[in-house]
Amino acid sequence: MSLSSARSFLSEACYGEQELDANSALMELDKGLRSGKLGEQCEAVVLFPKLFQKYPFPILINSAFLKLADIFRLGNNFLRLCVLKVTQQSEKHLEKILNVDEFVKRVFSVIHSNDPVARAITLRMLGSLASIIPERKNAHHSIRQSLDSHDNVEVEAAIFAAASFSAQSKDFAAGICNKVSEMIQGLDTPVDLKLKLIPMLQHMHHDANLASSSRELLQHLVSSYPSTPMVIVSLHTFTQLAASSLIDIPKQLQLLLQYLRDDPRKAVKMLTINDLKLLAKKAPHLWIRENTQTLCECALAIPYNSLKLGMLAVLSTLSGTIAIKQYFSNPAGSSMVSPQLTDLVKLAQECCYHSNLAVAAQGVAVLSNIVISCPEKDIIQLEQETVLGVESLLMLCSQDSSPGSQATLKTGLTSLVKLLKGRPHLSQAAVDFLLGQLHLSCDSSRTLICHALAAIATHLPVLGDGMLGDLVDLYRVVSHSSTGEQQELLVSLATVIFVASQSSLSAEVKTVIKQQLESVANGWTVYRIARQASRMGCHEFSSELYQCLRTRVASEHFYFWLNSLKDFSQAEQCLTHVEDGDYSGAMSAIAEALRSYQKGIASLTAASTPLSPLTFQCEFIKLRIDTLQALSQLICTCNSLKTSPPPAIATTIALSSGNELQRCGRISLQMKVCMEEFRSLAARYSDLHQSSFDADYATLRNVELQQQSCLLVSHVIEALIIDPQVASFQEYGTLGSVQTESEYERRMIAVFNRVLEEAEGLTKKHPPVSHLHTSCLCDTVIALLKVPLSFQRYFFQKLQSTSIKLALSPSPRTPSEPIPVQSSQQLTLKVEGVVQHGSTPGLFRKIQSVCLNVTSVLQSKTGPDYKIALDAKTNEIEQRVEPHNDYFSTQFLLNFSILGTHSVTVEASVVDESGIQWKTGPKTTVSVKSLEDPYSQQLRHQLQQGGAQPAAQRSAYIRF
């Protein structure tokens with residue numbers, strides 16, 4: 001393997017290669033480092049970050065950094081600079097360096113060089129390593145000395161290193177604070193150097209005394225050096241220090257507002273606005289009414305649009321938090337002030353119709369937040385003014401396709417949707433206005449308006465019918481080219497139509513959409529529309545689209561994927577024809593759907609690849625198949641009451657046996673089997689939910705609804721037939737008050753409530769078991785089948801990707817070879833792991849800790865055959881570790897006192913920030929062979945020989 005082949009190996013984005021491959025790449029990079037050509041050495045150095053990303057475990061990272069340290073020690077300044085950049089890029093891997101002392105020793109040796117540039121690079125290297133050597137005294141001393149250097153490059157490097165160590169080390173920060181103060185206040189220190197030293201004070205927050213002395217120094221600087229650069233740097237450092245120490249935020253707010261009000265310089269005002277926004281996000285609860293009032297007065301008086309926009313952005317942030325409540329609360333002893341008379345409302349009303357559209361958008365955002373947070377009776381007039389302000393803003397922005405106008409339009413639409421969620425009675429007029437604007441807007445604006453209409457119709461489905469006509473008319477004429485904006489608009493309009501039609505598309509609507517898709521839509525647009533149709537339950541239409549897409553893909557896997565989606569849509573379409581009371585028709589529809597599902601699951605299995613195993617999709621479809629089979633079996637069991645009613649002596653049998661279930665005949669036993677089946681399905685849905693850490697919230701809610709439907713059926717069976725006295729309906733009483741986020745969820749909740757109500761009424765009136773009970777169960781099945789299944793985003797697309805990679809030590813030389821351990825000793829099993837993310841880590845949820853469960857089971861015993869206690873055969877230990885920089889490590893002490901082969905399994909699961917545990921895996925298994933230690937073996941041999949020796953002596957005496 002040459003350096004170029006190592007580069008090609010490291011350029012691949014996949015994981016899972018053997019350790020030998022990583023070691024081979026490291027060896028090739030090492031050859032490049034030892035090359036006599038500078039170019040090859042530099043190329044080898046810059047490839048190390050990819051090596052770390054490829055194999056992020058300590059054993060390799062330690063070796064690699066030691067090699068880099070040698071290059072840093074022996075190479076020229078350009079190579080040192082390359083090593084410095086690699087170290088800074090690989091900051092998250094620094095903690096995995098095992099030989100920190102040796103690594104730092106090799107790097108630190110360059111600090112004694114006569115070359116100031118080499119010393120400067122070394123100082124920056126030490127600053128980059130501050131997280132792993134925060135208390136290294138020789139590094140502290142070198143930084144202090146270099147601050148007094150006469151070389152500007154070295155001094156700037158020392159400032160960088162000092163700032164890095166101050167952030168990590170309390171002792172260094174306390175020791176360097178006086179030195180920095182003297183340099184800043186010294187007359188011989190140049191102004192540009194002072195400007196670089198001042199930001200170091202933001203790290204002096206380790207204790208109250210240090211923070212207080214730093215604040216005093218900054219206060220002195222602000223008053224003593226009134227030049228614009230000095231004031232800007234000092235104020236910003238002031239803000240950063242206050243944000244870290246927390247207790248000084250109210251004082252800092254007053255200081256910033258004072259400069260905003262009194263300082264005439266535009267640059268200073270802009271800096272204070274940015275710092276105020278930072279504090280508004282970090283601590284909105286510390287903004288008192290006077291702070292917000294001062295900001296409003298400044299915004300009303302300022303003539304510059306850029307500054308007014310910044311102040312409104314701060315107020316927009318505050319108006320969505322608790323600060324708005326504090327602003328409108330009445331101080332003790334003051335009279336009630338109407339919200340319309342406050343300066344905040346006056347400012348927002350004035351800005352709503354501002355000539356600068358960005359200012360108007362922020363004014364609208366502030367006004368809508370005020371309307372949402374204030375009591376409805378106080379702001380009836382303000383509601384109408386807010387809606388008019390939003391409408392005027394949207395009318396101006398929607399006809400301009402420039403990026404600025406589109407950003408403003410998005411802000412206005414977001415404010416409108418939020419307002420309508422809080423004030424639903426304003427929705428009808430707003431929807432009519434948006435539909436009118438759709439015909440007049442440019443394509444990019446139409447897409448954004450469609451997104452807003454879809455959000456409104458999802459929250460208020462009653463408005464869907466009124467939208468449909470205008471949307472279909474627009475769809476007929478909207479598309480005249482195949483540009484990207486047109487394609488996006490086709491998808492957005494189709495989505496709104498699906499939401500508005502509530503999973504029941506008419507033939508006319510289908511025809512209109514198909515005609516447009518055939519004329520200008522590309523294959524990806526058709527697929528996206530089909531995907532939205534599957535999500536909204538329009539399965540007949542999605543099936544037709546998948547059918548036409550199958551032959552337009554280049555990959556066999558894509559063909560099978562589309563084929564499976566077509567079969568799933570056809571299966572769900574079969575269930576939409578089920579009629580109330582038609583139980584035989586329901587069984588026929590389920591049978592037809594199962595045939596399509598079985599074909600689809602075969603295609604789905606063929607579509608999976610090692611890089612895309614489609615685990616969630618396969619498990620979800622298998623559960624759907626098993627659920628339909630269970631529902632069909634339940635209808636058959638209900639029908640068995642007609643074919644095999646309870647015998648005449650059923651009551652006598654029940655009394656004699658003491659089993660009340662015998663009173664119902666054989667149907668009671670069959671119902672018990674059905675109930676257990678549905679509980680088993682609910683448990684499997686729960687397992688699927690727990691294993692879907694990367695799924696979006698809508699997908700997880702969909703899985704929850706499937707689980708609840710299975711629990712509902714099992715509960716109704718128990719309440720109607722198995723045990724009416726024990727079953728309670730109290731735990732399901734809150735379903736009606738659940739806030740729903742989709743049409744599918746709304747319909748499922750409605751079915752749940754209706755079924756529970758009917759079952760509760762039937763339980764009170766009629767003893768089991770009668771045709772009324774079986775009819776109620778069959779009606780429950782049909783009601784669940786009539787709600788079209790929603791295939792949510794995670795079924796098609798994974799926006800967040802999280803995986804865990806484990807490494808165990810000691811590890812066997814070959815996978816089949818067990819790890820030897822003596823029975824009198826305990827095995828220390830070290831488990832290391834890295835968390836690997838996709839392009840958007842933490843989009844839905846983040847990992848708080850990793851739960852590691854280690855279990856061992858005795859596979860085969862080689863010692864004498866005697867009875868062994870169960871706890872001696874197994875180990876079971878669980879530990880939680882918090883990953884740092886996506887790396888974690890812990891150790892387990894395992895006991896293998898029983899001779900033989902043991903199987904050790906290490907399973908990882910993650911705990912998110914809410915404390916919920918997710919079974920993400922992976923699961924790793926190794927074999928351990930417990931061997932008899934030499935001392936026990938020798939003792940056993942002596943006992944065996946000792947048992948044979950007396951017999952020989954006796955025989956000798958007998959002979960004499």
Side-chain angles (χ1 to χ4, degrees), residues 280-281 284-285 287 289 291-293 295-297 299-300 308-309 311-330 336-354 356-398 408-434 437 448-449 451-453 455-460 462-463 739:
K281 290 178 178 177
H285 57 286
W287 283 68
R289 189 181 193 283
N291 298 146
T292 311
Q293 178 64 24
L295 187 57
C296 292
E297 291 171 359
L300 284 167
K308 189 184 286 285
L309 177 61
M311 295 181 201
L312 281 169
V314 178
L315 290 170
S316 176
T317 302
L318 288 172
S319 62
T321 64
I322 188 65
I324 194 71
K325 301 280 187 185
Q326 296 178 357
Y327 181 78
F328 286 113
S329 62
N330 294 316
M336 179 71 178
V337 180
S338 173
Q340 284 93 331
L341 301 179
T342 58
D343 285 343
L344 180 59
V345 174
K346 288 178 185 176
L347 173 66
Q349 288 173 330
E350 176 189 303
C351 293
C352 278
Y353 301 98
H354 201 278
N356 186 309
L357 293 181
V359 173
Q362 293 295 344
V364 163
V366 172
L367 207 55
S368 61
N369 284 335
I370 292 172
V371 170
I372 293 168
S373 61
C374 289
E376 192 171 340
K377 58 184 175 58
D378 297 338
I379 47 156
I380 296 174
Q381 181 183 353
L382 200 59
E383 288 178 354
Q384 299 300 326
E385 292 179 6
T386 306
V387 172
L388 290 174
V390 174
E391 289 179 355
S392 64
L393 175 68
L394 299 182
M395 193 177 297
L396 290 171
C397 295
S398 59
T408 304
L409 178 64
K410 192 171 184 180
T411 304
L413 288 171
T414 303
S415 301
L416 179 62
V417 171
K418 191 188 298 184
L419 175 65
L420 297 183
K421 283 186 177 180
R423 298 287 186 268
H425 61 276
L426 303 173
S427 300
Q428 185 61 60
V431 167
D432 293 340
F433 169 78
L434 291 177
Q437 283 300 117
L448 294 175
I449 293 173
H451 292 167
L453 285 171
I456 295 169
T458 301
H459 187 69
L460 296 166
V462 70
L463 300 174
Q739 181 66 38

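Source: prediction; values computed, not measured.
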Any donor-acceptor pair under 3.5 Å linking the side chain of [X] with the backbone of [Y]?
X      : Y      : value
Lys410 : Leu448 : no
Ser316 : Leu312 : no
Asn369 : Ala365 : yes
Arg423 : Val371 : yes

Check whether any side-chain heavy atom of [X] sits under 4.5 Å from a side-chain heavy atom of [Y], and report yes or no.
X      : Y      : answer
Leu393 : Cys352 : no
His459 : Leu420 : no
Leu416 : Lys421 : no
Ile370 : Phe328 : yes
His425 : Glu383 : yes
Glu350 : Lys346 : no
Cys351 : Gln362 : no

Nearest-0.5 Å distance, [atom1] of residue [X] to [atom2] of residue [Y]:
X      : Y      : atom1 : atom2 : value
Leu344 : Gln293 : CG    : CD    : 8.5 Å
Tyr327 : Ser373 : OH    : OG    : 12.0 Å
Leu347 : Gln349 : CG    : CD    : 10.0 Å
Glu391 : Thr386 : CD    : OG1   : 11.0 Å
Thr408 : Leu396 : OG1   : CG    : 10.5 Å
Ile324 : Thr317 : CD1   : OG1   : 12.0 Å

Quick one: closest heavy-atom pair of [X] and [Y], and the distance?
X      : Y      : value
Phe433 : Met395 : CE1-CE, 3.7 Å
Trp287 : Ala280 : NE1-CA, 3.6 Å
Ala348 : Gly363 : CB-O, 3.8 Å
Leu460 : Ser427 : CD1-OG, 2.9 Å
Leu409 : Ser398 : CD2-CA, 4.3 Å
Thr321 : Leu318 : OG1-O, 2.7 Å

Are Ile449 and Gln437 close enough, and set up right, to give a side-chain contact (heavy atoms from CB on, under 4.5 Å), and what steps lead you there?
CA-CA 8 Å; Ile449 293 173; Gln437 283 300 117; 4.2 Å; yes
Do you see a donor-acceptor pair shorter than 3.5 Å between the side chains of Gln326 and His285?
no
